[in-house]
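Written out below as structure tokens is the structure these notes cover.
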Amino acid sequence: MGKKNEKSRGKLSQNKRNELKILSDAILLKSREMSNDPNHEFEIYNEIYNLLERIIKVESEVKLPFKSSRSEKTIENFIDWCANEGAKFDKIELKNIPDYGLGLVSKKSLKEGEIFIVIPDNMIFSYSKIENSIPDVLKQKIFSDCPLSENMSNVKLALALMIERMNSQSKFKPYFDVLPNKFSTVLYYTPTEMKELQGTLAFTSALKQVKYIIAQYAFLYKYIMVATNENDSVMEELRDNFTYEFYRWAVSCVMTRQNIIPKNDDINESVLIPAWDMANHTNGDINTQFNNETHQIESFSMKNFQVGEQVTIAYGNRSNLDFLIHNGFVFKENTNTDLFVKLNLNKSDPLFEDRLLLLKRIGLNDHQNYKISPELSDELLGFIRVFNMSEEQLTDWLKAEEIDVKDLLKQNLDFGKSFEIKIFQSLLIRVKILLKLYPTQLNDDIALLNSGNLSKIKLMLVQYRVIEKTILVNVESSLQNKLKQLNGH
Ligand SMILES: C[S@@+](CC[C@H](N)C(=O)[O-])C[C@H]1O[C@@H](n2cnc3c(N)ncnc32)[C@H](O)[C@@H]1O
């Protein structure tokens with residue numbers, strides 16, 4: 001650390017810095033606005049994006065302080081570096097895999113449960129790994145005093161990555177050189193691409209995620225400009241190179257690759273694990289551990305892999321909404337088909353207060369997210385039962401003992417046929433409304449996917465729409481079947 005790699009590129013004039021400060025203030029102000037209406041949230045996003053475009057233009061003369069390309073040479077250097085650092089990975093190799101970027105491929109057949117990669121602690125990148133080489137003033141101002149990096153381990157890791165990425169002498173350089181230049185995270189969507197999510201359950205999450213990270217940039221920009229210290233070259237270098245482009249790159253690296261491992265007995269830390277983080281995801285159980293005795297990452301094969309097969313790992317049992325928002329991809333074969341929908345009571349309903357009271361007694365709330373799937377969860381059943389009760393039913397249930405009231409969450413509670421019909425119908429209406437919110441039809445989306453000429457991000461977003469709509473269509477037909485059975489058809 002501490003060595004300036006090259007002469008500072010394109011220091012911005014004071015006028016431009018002032019303009020960036022004004023734009024950052026405007027972003028911070030706008031990002032405080034919040035709405036439950038996704039279309040209003042989209043308007044806020046568009047206004048923020050306009051300010052951001054101006055920022056990107058002003059910052060355009062400051063180039064990213066590194067060049068990385070995933071050439072054969074850089075990959076070879078990386079593999080040599082891994083070997084020199086003590087990684088054990090002779091059963092696998094790193095290869096380009098269409099639609100996945102880089103990935104791991106087996107060189108020997110692997111048995112389920114067999115260790116296929118070991119990464120020693122010295123290869124793991126984190127803030128604590130560079131802490132001792134960071135000048136004190138920078139450590140104090142950026143990592144202790146700054147409320148964002150102090151409280152958020154992902155921001156801390158992103159800033160540590162930016163600082164170390166600027167250091168051409170870094171021991172991690174061979175790893176940084178094979179990191180992607182560009183991502184498909186929400187931070188790289190254009191507003192036109194973002195609009196592809198309109199009507200989906202992911203729309204608001206995507207908008208909020210971008211708003212949040214742009215606001216982080218604006219906050220950090222102002223913070224770093226003020227915290228700058230002429231006597232500290234690394235601090236100055238950070239000030240000269242801190243752009244939105246650089247920040248979204250670092251945040252995307254962290255979003256798509258970070259892991260949490262124990263730093264010591266009491267504290268965990270966000271880290272990047274070179275080579276292991278080249279493994280792509282598939283369904284299964286997490287089969288990687290941090291060995292507390294050897295301080296190594298060990299990954300075990302999740303199944304038998306043939307020679308030449310892609311060796312995948314499981315990132316966790318996440319829904320496609322989570323993968324899209326937090327990891328920048330969707331996984332068509334995902335066995336996790338969870339969709340969560342916010343359901344609320346009708347405030348103008350004269351029985352609103354009673355329903356709310358009963359909901360609370362069974363541990364539920366108004367405005368809660370419920371899992372929508374063909375098998376209705378206990379919580380969803382509880383909610384739609386309370387939502388649909390008559391005044392008489394409500395009064396009876398409110399009188400029930402604490403222990404009995406929880407029966408409302410039981411699958412086999414017999415409410416009688418007409419009430420069953422009522423609750424399934426109300427849920428069916430809700431699902432139909434959700435399906436109507438999409439500006440496009442499922443068939444149109446499928447045709448679009450088959451057209452074969454979509455950009456990478458648009459393809460992913462249309463795929464996401466198809467996945468979400470398909471789940472809802474399945475729930476719709478399962479509810480219709482249940483109603484048919486109840487009606488004796
Ligand atoms: C930890 S990295 C894995 C290595 C990555 N492929 C690379 O080239 O650096 C995670 C990223 O890999 C890609 N990825 C992982 N699993 C995937 C999958 N099942 N389908 C598509 N992309 C996937 C996504 O871009 C994700 O953000």
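Just so you know, ligand 1 is whichever comes first in the structure, and atom 1 is the first atom listed for that ligand.
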Practice task
Please report the C-alpha distance between Phe242 and Tyr217 in whole Å, then the side-chain angles of each, then the deciding distance to 0.1 Å, and finally whether the ring-ring contact (aromatic ring centres under 6.0 Å, His included) criterion is met.
Solution key: CA-CA 9 Å; Phe242 190 83; Tyr217 156 82; 5.6 Å; yes
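- Glu309 has a carboxylate O that lies under 4.0 Å from a charged side-chain N of Lys303, or vice versa, which qualifies the two as a salt bridge.
- We find that Asp177 and Arg165 are joined by a salt bridge, their nearest charged nitrogen and carboxylate oxygen being less than 4.0 Å apart.
- Residues satisfying the ring pair (Phe, Tyr, Trp, His ring centres under 6.0 Å) criterion with Phe125, sequence neighbours excluded, are Phe172, Phe176.
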Pairs under 3.5 Å, N/O atoms on ligand 1 and on the protein: can you put them in a table with the distances?
| from | atom 1 | to | atom 2 | distance (Å) |
| --- | --- | --- | --- | --- |
| ligand 1 | 6 (N) | Tyr100 | O | 2.6 |
| ligand 1 | 6 (N) | Leu102 | O | 2.8 |
| ligand 1 | 6 (N) | Asn280 | OD1 | 2.8 |
| ligand 1 | 8 (O) | Arg70 | NH1 | 2.9 |
| ligand 1 | 8 (O) | Arg70 | NH2 | 3.3 |
| ligand 1 | 8 (O) | Leu102 | N | 2.8 |
| ligand 1 | 9 (O) | Arg70 | NH2 | 2.7 |
| ligand 1 | 9 (O) | Arg257 | NH1 | 2.9 |
| ligand 1 | 9 (O) | Arg257 | NH2 | 3.0 |
| ligand 1 | 12 (O) | Asn280 | OD1 | 3.2 |
| ligand 1 | 14 (N) | Asn280 | OD1 | 3.4 |
| ligand 1 | 16 (N) | His281 | N | 2.9 |
| ligand 1 | 19 (N) | His281 | O | 3.0 |
| ligand 1 | 27 (O) | Asn327 | O | 2.6 |

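- Checked against salt bridge (Lys or Arg N to Asp or Glu O under 4.0 Å), Asp445 has the following partners two or more places apart in sequence or in another chain: Arg465, Lys469.
- Every residue meeting the side-chain contact (heavy atoms from CB on, under 4.5 Å) condition with Val105, not counting sequence neighbours, appears here in chain and number order: Glu93, Lys95, Ile97.
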